[in-house]
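Below is the structure I would like to discuss, written out as structure tokens.
Predicted model only: the values in this text are computed from it and were never measured.
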Amino acid sequence: MKKLIYILSALFILTSCESFLDTELLTDKTTENFPETEKDANQMLTSIYAKLLFEDPETSSEYYTAQLASDDCLGGNLSYSGNCATNFLLYQGSLNSRLGIWDRCYQLINRANNTINTLDNVKSWSSESERLRHFGEAYFLRAWTYYELVKIFGGVPLRTTIEAVNLPRASVDEVYALIASDIKNAIEMMPNQIYPAGNAMAGHATKYAAEALAARVFLFYTGRYDKKTLPLTPEGEITKEQVISWLEDCIDHSGHNLISDQRNLWGYTNSATNSTSSKKQYAYAVKHKLAWDGNSSIETLFANKHNLTSTWTYTWFANTCAMFYSPSGDDADWKEESYPFNFGWGAGPVSPSMVQDWKEWSKQQTFLDGYTEDPRISGSIWSYKAMDPNNEGNVLADFRLDDSEPAYTVSYRYYEQTGYFNKKYININAYNSNGVLEAFGKTLHPGISSQTSPQLLNITDLIHIRFADVLLMHSELTGDATGMNRVRQRSHLAPISYTLDALKQERRWEFAFESIRWWDLLRWSGPSLEEAGNALNRQTGFEVINAAALTPMVKYDYKKRLQQTQGYWPIPQIEIDRSNGVLEQNPGWGPDAQFSDWTKM
């Protein structure tokens with residue numbers, strides 16, 4: 001009996017808002033007649049990449065979960081929101097709260113499995129290197145996705161074919177062994193090439209992204225589970241020395257590099273928002289002479305790519321994380337007042353304790369080039385004068401770290417408004433040539449979209465791996481400060497000697513709000529989770545603005561809750577039910593873990 005394989009259409013941006021990999025809706029293709037050509041193979045790869053995208057970050061992305069669970073941010077939004085539940089390491093509604101992650105990941109894995117198992121059906125390749133590249137990218141994407149699953153859920157069913165079999169959870173070690181094997185295959189199969197902005201292949205995984213992923217997986221697995229090496233399927237291991245050699249290959253031969261100013265990685269520095277011909281400019285970007293390097297910068301090794309083709313049927317072509325992290329638009333006059341920041345759903349307000357820690361650390365540093373403070377603080381955080389929505393002109397509190405930052409009239413109903421939003425992933429406006437305020441992507445690339453909602457229009461890369469991470473991972477694995485000091489120098493910080501504590505601090509500030517901190521905390525804590533719990537418990541002792549009123553932050557024992565769950569999130573209950581008892585729930589996710597309301601904490 002034929003196994004029907006449906007290859008879904010996927011518009012996946014490769015170079016700019018107007019350059020796409022063409023695909024067809026191939027509902028009549030089966031494993032018996034597809035793929036036959038190299039074009040078919042390209043379409044199969046595109047269908048895998050498409051499942052990296054997601055519509056609802058709170059249910060479908062470990063990126064969002066890691067951001068809100070860490071000590072970088074609080075939850076935000078309404079008092080009973082799932083955002084607050086995630087920050088308190090609880091669930092809201094039902095144990096299916098992360099069903100989207102599970103479904104999206106296994107759909108991607110199924111597509112990768114089908115690709116890996118059928119690519120040799122292609123009758124003719126333009127070259128052997130092209131054949132190997134296709135295999136290598138499929139292996140990379142499967143490894144990436146199992147890594148996402150195992151971090152969130154622990155051991156999960158290991159599927160390497162498209163057979164519909166009711167599988168039990170594999171052990172954590174077994175999952176990592178497959179991940180390691182897939183990464184090794186990807187490194188060995190992909191060419192010595194990268195695809196920066198302007199290249200028709202921009203957005204595709206590369207050998208160097210796989211080398212960086214190997215280091216990230218190695219550090220997480222060995223730290224989290226107190227191991228020395230990374231297991232391989234079917235047998236063998238990957239050692240620290242092997243990982244270091246891969247990182248050094250990336251550093252010495254890839255062509256990736258740090259851009260000149262870290263702030264120029266983020267969309268708020270774009271030319272449309274800050275044009276001299278614009279009705280208004282973002283004073284901070286102008287003051288500090290910032291200019292966006294654009295998507296697919298030389299520093300980006302791997303990222304989700306986004307574009308302007310989203311509709312209300314297909315919203316996930318836009319960077320939906322930016323929508324979730326943007327401030328509420330409850331106040332009618334927010335557009336002018338808060339330019340260039342556009343409205344969203346108020347998730348992940350920056351934790352005041354994180355800001356205080358960063359400023360205290362910065363005071364202890366020695367700076368170069370006339371700098372007196374880490375520019376990444378104001379470069380990563382929008383700190384605002386909080387205006388009262390119920391009393392026009394009344395200032396509830398002034399949180400500004402830089403006097404060029406715009407004010408913000410806080411929501412009359414949202415909780416945990418802290419005075420700080422992250423600026424790396426946030427909706428950004430610009431004035432077009434007609435003086436109309438719109439998402440900056442529409443101004444940069446006119447004529448592509450007629451949509452008006454910022455939910456559909458954020459085009460910035462969601463960056464997963466940067467070259468800065470490669471340098472810092474190399475320093476951590478070797479104990480050599482060279483890479484760490486390259487990252488510090490970029491932000492005008494004087495060189496220092498290597499210590500693990502200095503490395504930890506540098507990673508925290510360099511990757512603030514990039515969903516790396518949570519995983520770093522877990523791996524540095526090891527099985528005890530002691531260090532992570534202590535860090536999370538610092539999220540108290542400050543005031544937040546709840547429904548337009550200053551309120552003391554609730555005192556909550558994050559450490560106790562973290563240790564109850566062992567750092568894992570609940571397997572979707574619907575999957576446990578469907579398995580007829582084959583799958584078992586993670587510890588700590590009984591009825592007492594259900595979140596009801598902030599006011600009841």
Original post:
In terms of heavy-atom contacts, does CZ of R538 have more than 12 from other residues, nucleotides or ligands at under 6.0 Å?
Top reply: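 Result for CZ/R538: open.
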**OP:** Report the residue from R508, Q505, R376 that forms a side-chain contact (heavy atoms from CB on, under 4.5 Å) with W358.
**Re:**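 Answer to the side-chain contact (heavy atoms from CB on, under 4.5 Å) test with W358 among R508, Q505, R376: R376.
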Subject >> Pi-cation contact, Y147 with R224 (under 6.0 Å, within 45°) >> reply: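 No - R224 does not lie over the ring of Y147 by the 6.0 Å and 45° rule.
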**OP:** Assign the ring pair W382 / F341 to parallel, tilted or perpendicular, where the plane angle (0 to 90°) is split at 30° and 60°.
**Re:**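 Parallel: the ring planes of W382 and F341 meet at under 30°.
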**OP:** Test W598 against every option in Y80, Y415, Y414 by the ring-ring contact (aromatic ring centres under 6.0 Å, His included) rule and name the one that passes.
**Re:**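 The ring-ring contact (aromatic ring centres under 6.0 Å, His included) with W598 is passed solely by Y415 among Y80, Y415, Y414.
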Original post:
Atom CD in E531, atom CG in L529: separation rounded to 0.5 Å?
Top reply: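 Between atom CD of E531 and atom CG of L529 there are 10.5 Å.
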Original post:
Got a salt bridge between R216 and D469, using NZ or NE/NH1/NH2 to carboxylate O under 4.0 Å?
Top reply: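 Salt bridge flag = yes for D469 with R216.
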**OP:** Taking the six-membered ring for Trp and the single ring otherwise, decide whether the centroids of F324 and W345 are under 6.0 Å apart.
**Re:**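 Yes, they do, as the ring centres are separated by less than 6.0 Å.
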Original post:
Is the Y221-Y176 ring centre distance short of 6.0 angstrom?
Top reply: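 Here the rings of Y176 and Y221 have centres that are less than 6.0 Å from each other.
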Original post:
Do W266 and Y425 have ring centroids that are under 6.0 Å from one another?
Top reply: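 Ring centroids of Y425 and W266 are less than 6.0 Å from each other.
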**OP:** Measure the shortest side-chain to side-chain distance between Y106 and V156 over non-hydrogen atoms and say whether it is less than 4.5 angstrom.
**Re:**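 Side-chain contact under 4.5 Å: yes.
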Original post:
Okay, side chain of E174, backbone of S171: is any donor-acceptor separation there less than 3.5 Å?
Top reply: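 The answer is yes, because a donor-acceptor pair under 3.5 Å joins these two groups.
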**OP:** Give a yes or no answer on whether the side chain of N342 reaches the backbone of N429 with a donor-acceptor pair at less than 3.5 Å.
**Re:**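 Judged by distance alone, no pair lies under 3.5 Å.
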Original post:
Are any of the side-chain nitrogens in K424 or E514 under 4.0 Å away from the carboxylate oxygens of its partner?
Top reply: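 Here K424 pairs with E514 in a salt bridge, since their nearest N and O are under 4.0 Å apart.
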Subject >> Test of ring centre spacing under 6.0 Å for F140 and F302 >> reply: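 Yes: the rings meet the under 6.0 Å criterion.
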Subject >> Sidechain N-carboxylate O distance under 4.0 Å for K504, E476 >> reply: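 The answer is no: the pair does not qualify as a salt bridge.
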**OP:** Compute the centroid of each ring, for F399 and then for Y420, and state whether the two points are separated by less than 6.0 Å.
**Re:**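 Centroid separation for F399 and Y420: below 6.0 Å.
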Original post:
So does E584 have more than 12 non-hydrogen atoms from other groups sitting under 6.0 Å from CD?
Top reply: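 Atom CD in E584 is not packed in, count stays at 12 or less.
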Original post:
To the nearest 0.5 Å, what is the distance between CG (L141) and CG (L52)?
Top reply: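 L141 CG to L52 CG: 6.0 Å, rounded to 0.5 Å.
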Subject >> Distance in Å, E416 CD paired with C84 SG, rounded so as to fall on 0.5 Å steps >> reply: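 So the CD of E416 and the SG of C84 are separated by 4.0 Å.
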Subject >> Over 12 foreign heavy atoms within 6.0 Å of OH, Y556 >> reply: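 Correct, the count exceeds 12.
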